[in-house]
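One structure is given here, and the rest of the page talks about it.
Within every chain, numbering begins at 1; the chains are lettered A, B, ... in the order of the sequence lines, protein sequences first and strands thereafter.
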Amino acid sequence: MSEPANITITLPDGSTKDVAAGTTVGDFVKTSIGPGLAKAALFAKYDGAEVDLTHKMDRSGTLAIFTPKQPEGLDLARHDAAHIVASAVQKLFPGTQVTIGPTTEDGFYYDFARDKPFTPDDLEAIEKAANEEIKKDLPFTRKEVSKEEALELFGKLGEKFKLEIIEDIFAKGAKSLSLYTHGEWVDFCLGPHGPSTGRVGVIKLLSVAGAYWRGDHRNAQLQRIYGTAFFTQKDLDAWMNQQEEARKRDHRKLGKELDLFAFHPAAPGAVFWTANGTMLFTTLQYAMRRMCLANGYVEIKTPLLFNKMLWEKSGHWGKYRENMFLILDPEADPNLPEEERASFSLKPMNCPSHHLFYEMKRRSYRELPLRLHTQDVLHRNEATGVLSGLTRVRQFQQDDAHIYLMESQIAEEVAKLTKLIAKVYDAFGLAFTAKFATRPEKKIGDDSLWDRAEAALEAALKSTGLPYELKPGDGAFYGPKIDFDVADSIGRKWQLGTIQLDYVAPERFGLGYIGSDNSEHRPVVIHRAIYGSFERFIGILIEHFAGAFPVWLAPEQARIVPVAERHTEWAEEVASQLREAGIRVEIDRSQGMLGAMIRDAQLAKVPYTLVVGDKEVAAKAVSPRTRGTGKESDLGLTPFDQFFARIKNEAEVPY
RNA sequence: GCCGCUAUAGCUCAGUGGUAGAGCAGCGGUUUCGUAAACCGCAGGUCGCCCGUUCAAACCGGGCUAGCGGCUCCA
């Protein structure tokens, strides 16, 4: 037998080490780097591919070791955790079928097929059993098998879903399948996995939910168990605390506490805006109107209710009807299906009525781009299960606009739009990401139109230099779109703004304009929204600011707190001067203790609490206090004129 | 729409088959106060709705409605 040849391993710092071919990653780290790292190591990247520590290195290449210190390490542990949970589930509930169990940003889930649902008690038992598997510190071992071996193994286990996945994997050209075993339990998996179950730390199961096999609602409904894992209990506790903090700024909770909006079972998915909430709404409306006017838009209003002939023309009847509220014709034969009895529908989108508006007149190329802005009320009959607070409702208003332009104007207009969107989001400190979404399955318009629309929109997006993610098949049924996602301060992503390019509607509506050549041309339409909908945007803002709105947006901008009854006269004087300048100010007339009145104002998150007592009356002053605790929020005795100038400035709309 | 969970006073919540409870908010009174909760008292509920089981139901069962966590869908 000949000696194994030496290979050269290059480490991330550029240094190289020679070892015998066939050495495992784990042994290499122990002997050539150090026992400390060997102990901490979870997996490695060998020539760019993720591998187990037991992987035998057979050629020269780069090697990077991952430990719990890297985010990749935690992700691996959560993947290990998913396997451990699945093994615990099958141990406790024989007959349960396993499917898939990927990691997520915050943890992992695993989908199971079982006749009976998992109860909260079951979850507790599973969590306990999973953490016992961790204590046993069972090694993860890897084995490569052929398609036949894999089918036989999982066939014997009766894992129908696994068999389906195995067929798929080999159909896609795989030559073998890797199996991972810990204890008695085996699953196939690309890997890598950590050295043993003990390295996972601690598993916490969070919830159980329904999920469809392969994400298709026509398929079997599985039970998805959500969980997370951390290397230490301390990390888990910290994360749980953070989640608890996040729940405190939930807009549905704050909406009640700050008296911003409400819902009633009589109108599911439709908002009752209180005086405070209405102030948020109308202030945002005002700001958007102002910005639109400054940027070449005109605002129009169109009907809310339209004859179904419009929806047939626009394509909504065919592609969007299930989301539309229909008005049935009382004269129609009651035996007919609903869609045939329908005569009118509430509008779910503004576009068709804008197209009607456009074609009411002869249009000249000199008018283009023609930018029509609308904040009308829309109704969409959303499925009951998707309604959620302000972020998903049935009745809402978009800061909608349709821009009619020549194809040659697309790039410049899209660039302008992305700038506007960035300006608005920046004013709130909202960071956004862009997504480019292409033609969906359910669409109108032929492929050549879509080719042009997608190419034009993507080219315009590219030219802005914004980074973006590609979302194939995610476009609107009438055109490709750029969506703007905003993460709230706790990291959840929401789709707000959108820019959608539409070549189809101008065809369907026969829109035209007279060009400089005195002949008729077809315009292109851009659908766009910046807030998205006022409802969702306000929901995001509530969470983003945790209810502590900037002065210009706050429903109540200042609250005057008289120290004693004799100070109300000056309080009234201050209030009326502020009100005359358009500042929204209230006087606390409860005549309670000063501390209690200040506490009330703080809990209401009013930007300025103005304490007025003997000193303030004498000096024609106020003692403002900003939000927050302790001395630093007390601005001290301030001449009224000075405070007036300050709040007046801060009440200005920033865009 | 699908899977699971939840629904008690304006709000937050306790109450596991035998006459419905607390704190806060509200109302009345006392207190007139200097930077996050004064004190005393009063009132407040067809226990989401309907049907059933039971001598007896907030509590057990079924249905419906709404909400919550997800899935599918979406601004």
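With centres under 5.5 Å and a plane angle under 30°, the ring of A/Phe396 is stacked against the base of B/rA75.
Going from the C1' atom of B/rA36 to that of B/rC74 covers 42 Å, rounded to whole Å. Here the separation of B/rA25 from B/rU12, taken at their P atoms, is 15 Å to the nearest Å. Taking atom P in both B/rU16 and B/rU8, the straight-line distance is 16 Å, to the nearest Å. Taking atom P on both nucleotides, B/rC50 is separated from B/rA38 by 43 Å, rounded to a whole Å. With P as the reference atom, B/rG44 and B/rC39 are 24 Å apart, rounded to whole Å. Straight-line distance between the C1' atoms of B/rU19 and B/rC59: roughly 15 Å, to the nearest whole Å.
Ring pair A/Phe112/A/Phe118 is perpendicular by interplanar angle, where above 60° counts as perpendicular and below 30° as parallel. Note: A/Phe640 and A/Phe644 have tilted aromatic rings, judged against thresholds of 30 and 60 degrees for the angle between ring planes. Using cut-offs of 30° and 60° for the angle between ring planes, the A/His316 and A/Phe477 rings count as perpendicular. A/His527 and A/Tyr478 have parallel rings, their planes meeting at less than 30° on a 0 to 90° scale where 60° marks the start of perpendicular.
With rounding to whole Å, A/Glu382 atom CD is found 13 Å from B/rG67 atom P. Taking atom NZ on A/Lys347 and atom P on B/rA75, their separation rounds to 17 Å, with Å as the unit. Atom CG of A/Asn323 and atom P of B/rC74 are 8 Å apart (whole Å). Rounded to whole Å, the distance from CG on A/Asp474 to C1' on B/rU72 is 13 Å. The NZ-C1' distance, from A/Lys319 to B/rC73, rounds to 16 Å in whole Å. When rounded to the nearest whole Å, the span between CZ of A/Arg218 and C1' of B/rG1 equals 14 Å. Atom CG of A/Asp122 and atom C1' of B/rC3 are 15 Å apart (whole Å).
The base of B/rG1 lies close enough to the side chain of A/Tyr212 for a donor and an acceptor atom to sit less than 3.5 Å apart. In the interface, the side chain of A/Arg392 is paired with the base of B/rC73 through a donor and an acceptor atom under 3.5 Å apart. With hydrogens and angles ignored, a donor-acceptor pair under 3.5 angstrom links the side chain of A/Glu616 to the base of B/rG34.
At a threshold of 4.0 angstrom between heavy atoms, the contacts of A/Ser623 include nucleobase atoms, whether or not backbone atoms are also involved. Within the 4.0 angstrom heavy-atom criterion, only backbone atoms of the sugar-phosphate kind lie near A/Ala211; the bases stay farther away. Using a 4.0 Å heavy-atom criterion, one finds that A/Gly595 contacts the sugar-phosphate atoms exclusively. If you check every strand for non-hydrogen atoms under 4.0 Å, A/Gly389 touches sugar and phosphate atoms only.
Between B/rG67, B/rG34, B/rA36, one nucleotide has an atom nearer to the side chain of A/Pro268 than all others, and that is B/rG67. Minimum atom distance to the side chain of A/Arg380 is reached by B/rC74, of the listed B/rU32, B/rC74, B/rG34. The nucleotide whose nearest atom lies closest to any side-chain atom of A/Ala383 is, among B/rG1, B/rU35, B/rC73, B/rG1. Out of B/rC74, B/rA36, B/rA37, the shortest distance to the side chain of A/Leu603 is found at B/rA36. Residue A/Tyr226 has its side chain nearest to B/rC71 when only B/rC68, B/rU35, B/rC71 are considered. Distances were taken from every side-chain heavy atom of A/Val386 (C-beta onward) to each of B/rC73, B/rA66, B/rG70; the shortest belongs to B/rC73. Counting only heavy atoms from C-beta on, A/Ser388 has its side chain closest to B/rC68 among B/rG34, B/rU72, B/rC68. For A/Met593, whose side chain is taken as the heavy atoms from C-beta onward, the closest listed nucleotide among B/rA38, B/rG67, B/rC73 is B/rA38. Taking the side chain of A/Val208 as heavy atoms from C-beta on, and the options B/rG4, B/rC74, B/rG67, the nearest nucleotide is B/rG4. Closest to the A/Ser207 side chain, of the nucleotides B/rG69, B/rG34, B/rA38, is B/rG69.
At least one side-chain nitrogen or oxygen of A/Lys481 sits closer than 4.0 Å to the OP1 or OP2 atom of B/rA75. Distances shorter than 4.0 Å separate some side-chain N or O of A/Thr384 from OP1 or OP2 on B/rG1. Residue A/Arg559 places no side-chain N or O under 4.0 Å from the OP1 or OP2 atom of B/rA36. For the pair A/Lys256 and B/rU12, the criterion of a side-chain N or O lying under 4.0 Å from OP1 or OP2 is met. Phosphate contact (OP1/OP2 of B/rA75, side-chain N/O of A/Gln495, threshold under 4.0 Å): present. Note on A/Arg566: every side-chain N or O is 4.0 Å or more away from OP1 and OP2 of B/rU32. A/Arg625 has a side-chain polar atom (N or O) that falls below the 4.0 Å cut-off from OP1 or OP2 of B/rA36.
Within the structure, side-chain hydrogen bond (donor to acceptor under 3.5 Å, both in side chains) contacts touching residues 557-567 of chain A (residues at least two apart or in different chains) are A/Glu556-A/Arg559, A/Glu565-A/Gln591, A/Arg566-A/Asp614, A/His567-A/Asp614.
Nucleotide B/rG23 forms a Watson-Crick or G-U wobble pair with B/rC11, both donor-acceptor distances falling under 3.5 Å. Nucleotide B/rA57 is matched to nothing when pairs are restricted to Watson-Crick or G-U wobble geometry with both distances under 3.5 angstrom. Nucleotide B/rG69 forms a Watson-Crick or G-U wobble pair with B/rC3, both donor-acceptor distances falling under 3.5 Å. As the counterpart of B/rU32, no nucleotide is assigned, since no Watson-Crick or G-U wobble pattern has both distances under 3.5 Å. Across all strands shown, B/rA43 forms no Watson-Crick or G-U wobble pair with both distances under 3.5 Å. Summarising the base pairing, B/rC49 is matched to B/rG63 through a Watson-Crick or G-U wobble pair whose two defining distances lie under 3.5 Å.
Residues A/Thr302 and A/Lys347 bring a donor and an acceptor atom of their side chains to less than 3.5 Å of each other. Side-chain contact annotation: A/Arg646 with A/Tyr608, donor-acceptor N/O pair under 3.5 Å present.
Comparing A/Lys253 and A/Asp483 against RNA chain B, the residue whose closest nucleotide sits nearer the 5' end is A/Lys253. Comparing A/Ala267 and A/Gly215 against RNA chain B, the residue whose closest nucleotide sits nearer the 5' end is A/Ala267.
Put simply, the side chain of A/Ser345 gets close to the backbone of A/Phe325: a donor and an acceptor are under 3.5 Å apart.
Comment: A/Asp216 does not engage A/Arg214 in a salt bridge, judged by the lack of any side-chain N to carboxylate O separation of less than 4.0 angstrom.
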Would you tabulate the side-chain donor-acceptor contacts of residues 422-431 of chain A under 3.5 Å, counting partners in other chains and residues two or more places apart, or write 'none'?
residue: A/Tyr425; atom: OH; partner: A/Gly497; partner atom: N; Å: 2.9
residue: A/Tyr425; atom: OH; partner: A/Ile530; partner atom: O; Å: 2.6

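For the ring pair (Phe, Tyr, Trp, His ring centres under 6.0 Å) with A/Phe484, the qualifying choice from A/Phe436, A/Phe432, A/Tyr468 is A/Phe432, the only one to do so.
For the segment residues 526-539 of chain A, the set of residues with a heavy atom within less than 4.0 Å of an atom of RNA chain B comprises A/Gly532, A/Ser533, A/Arg536, in numerical order.
Shown here is A/Lys204, whose NZ atom has no more than 12 heavy atoms of other residues, nucleotides or ligands within 6.0 Å.
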